Amino acid sequence: MSETQSYQRVALIGLGLIASSIFWAMKRAGMDAHVTGYARSAETRETARRLGLCHEIVDDLTAAVKDADLVILAVPVGAMGPIAETIAPHLKPGCTVTDVGSVKKEVIEAVRPHLPEGVDFVPTHPMAGTEHSGPDAGFASLYDNRWCLIVPDGASEDATARLEAFWQALGAKTERMDVEHHDLVCAVVSHVPHLIAYTMVGVADDLRRVSDQEVIKFSAAGFRDFTRIAASDPTMWRDVFMTNKQATLEILGRFTEELFALQRAIRTGDGDLLFDYFTRTREIRRGILQAGQDTDAPDFGRVKVEK
């Protein structure tokens with residue numbers, strides 16, 4: 001905990017699932033930092049106050065970052081550049097700014113130019129979440145045994161190591177990664193799967209031969225999983241796809257090629273190809289379980305626990 005003690009004041013910009021879980025995890029870890037929270041919506045700020053989220057909730061963005069040692073941007077990636085421009089003149093020397101977005105290249109290009117000399121920007125990406133959003137969705141164990149990717153991209157080693165220790169204290173495992181590799185990896189494991197889920201739910205909605213009642217009534221596990229993923233925050237995902245175009249389109253191209261191959265196998269009755277393909281992909285699922293990144297439980301281990 002010694003590394004994290006240097007954060008005497010932490011500012012959470014945005015008070016949704018990720019930020020609220022950061023606060024509860026900090027509290028669980030016994031960190032004594034003073035946490036100030038800010039959200040654009042008055043309703044969100046009021047909910048946060050009611051929940052006891054943060055030590056202080058403020059209505060002014062610049063007031064939130066005053067004297068902060070660590071500023072965490074927990075807003076949709078498209079909003080980070082304008083926020084960085086607003087807060088930049090109010091950041092104290094030695095402050096570290098980080099974000100929790102799932103895209104890094106465009107976020108770095110949008111944020112870093114605004115930050116003054118003497119302020120480190122260390123992008124991070126906690127790979128944890130649920131389909132729920134808002135300040136009341138957070139819980140202390142969200143980051144336990146989940147990966148948080150650190151993308152230093154020129155930040156000082158001191159600031160990077162300090163932030164790495166912070167995430168580890170919240171329960172996460174950390175790994176450093178370069179920018180382009182991060183965005184490609186996330187396109188594979190997160191962005192394209194979400195796009196496919198949104199598409200599949202949209203296809204079901206378009207099939208007017210099946211009533212809404214039947215889609216809901218007879219939803220099997222596969223479709224339920226799609227709807228869980230597709231219930232994620234639409235603003236966040238719109239921004240993800242608008243800012244990670246190159247990697248997403250590359251993986252979508254590969255996905256389309258695989259899909260055409262499976263389509264042909266079904267059409268031609270090539271059962272051997274289908275069996276071999278499904279056998280290989282099943283091993284990936286087993287690897288995820290063995291790595292401790294999911295469970296066999298029906299709820300996938302995502303039960304909300306007490307704060």
Side-chain angles (χ1 to χ4, degrees), residues 4 7 10-26 31 33 35-40 44 48 53-54 61 64-65 68-84 87 95-108 110-112 115 120-135 137-144 146-153 155 159-160 162-177 179 182-183 185-186 189-191 194 232-233 235-240 243-244:
T4 61
Y7 297 140
V10 175
L12 296 176
I13 309 303
L15 296 173
L17 166 70
I18 297 300
S20 57
S21 295
I22 288 173
F23 175 75
W24 298 123
M26 289 177 66
M31 297 185 191
V35 181
T36 302
Y38 167 83
R40 183 179 61 177
T44 299
L53 185 64
C54 302
L61 181 57
V65 303
D69 301 298
L70 175 65
V71 175
I72 303 176
L73 304 179
V75 297
V77 293
M80 290 184 185
I83 286 176
I87 65 175
C95 170
T96 294
V97 176
T98 188
D99 77 294
V100 294
S102 66
V103 177
K104 287 292 164 268
K105 186 174 186 294
E106 288 213 14
V107 166
I108 289 170
V111 171
R112 181 163 288 155
L115 301 183
D120 274 292
F121 181 45
V122 187
T124 62
H125 176 199
M127 301 190 73
T130 72
E131 69 272 30
H132 304 294
S133 58
F139 53 100
S141 61
L142 179 65
Y143 306 112
D144 288 356
R146 302 300 181 190
W147 286 100
C148 181
L149 303 180
I150 313 289
V151 184
D153 194 53
T160 302
R162 196 181 314 147
L163 189 59
E164 203 166 26
F166 174 80
W167 278 108
Q168 290 168 359
L170 300 188
K173 300 185 293 185
T174 60
E175 182 162 324
R176 299 188 189 190
M177 194 173 284
V179 179
H182 169 276
D183 287 358
V185 166
C186 289
V189 302
S190 178
H191 302 169
H194 275 81
S232 301
D233 180 24
T235 301
M236 178 185 75
W237 284 104
R238 176 203 64 194
D239 286 2
V240 164
T243 55
N244 198 24

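The model shown is predicted, which means the values in this text are computed figures rather than measured ones.
With sequence neighbours excluded, the residues satisfying salt bridge (Lys or Arg N to Asp or Glu O under 4.0 Å) with Asp99 are Lys104. In terms of the side-chain contact (heavy atoms from CB on, under 4.5 Å) criterion, residue partners of Ala64 (sequence neighbours excluded) are, by chain and number, Ile13, Thr36, Tyr38, Val58. Asp69 is linked by a side-chain hydrogen bond (donor to acceptor under 3.5 Å, both in side chains) to Lys92, counting only residues two or more places apart in sequence or in another chain. Applying the side-chain hydrogen bond (donor to acceptor under 3.5 Å, both in side chains) criterion to Thr243, with sequence neighbours excluded, gives no partner residue. With sequence neighbours excluded, no residue forms a salt bridge (Lys or Arg N to Asp or Glu O under 4.0 Å) with Asp239. Residues forming a ring-ring contact (aromatic ring centres under 6.0 Å, His included) with Phe121 (at least two apart in sequence, or on another chain): none. Considering only residues two or more places apart in sequence or on other chains, Gln168 meets the side-chain hydrogen bond (donor to acceptor under 3.5 Å, both in side chains) condition with Thr174. Judged as a ring-ring contact (aromatic ring centres under 6.0 Å, His included), and not counting sequence neighbours, the contacts of Tyr143 are Trp167. With sequence neighbours left out, the side-chain hydrogen bond (donor to acceptor under 3.5 Å, both in side chains) criterion links Arg176 to Glu157, Glu164. Thr44 pairs by the side-chain contact (heavy atoms from CB on, under 4.5 Å) definition with Leu15, Ala39, Ser41, Pro135, not counting sequence neighbours.
When side chains are defined from C-beta on, Val35 does not count as touching Ile22, because their heavy atoms never get closer than 4.5 Å. Using a 4.5 Å heavy-atom cutoff, the side chains of Val100 and Thr98 are not in contact. By the 4.5 Å heavy-atom criterion applied to side chains, Met127 and Cys186 are counted as neighbours.
To the nearest 0.5 Å, atom CE of residue Met26 and atom CG of residue Leu12 are 7.0 Å apart.
Put simply, the side chain of Thr124 never gets that close to the backbone of Leu149: no donor and acceptor are under 3.5 Å apart.
The residue from Val10, Thr96, Leu163, Ile18 that alone fulfils the side-chain contact (heavy atoms from CB on, under 4.5 Å) condition with Ile72 is Val10.
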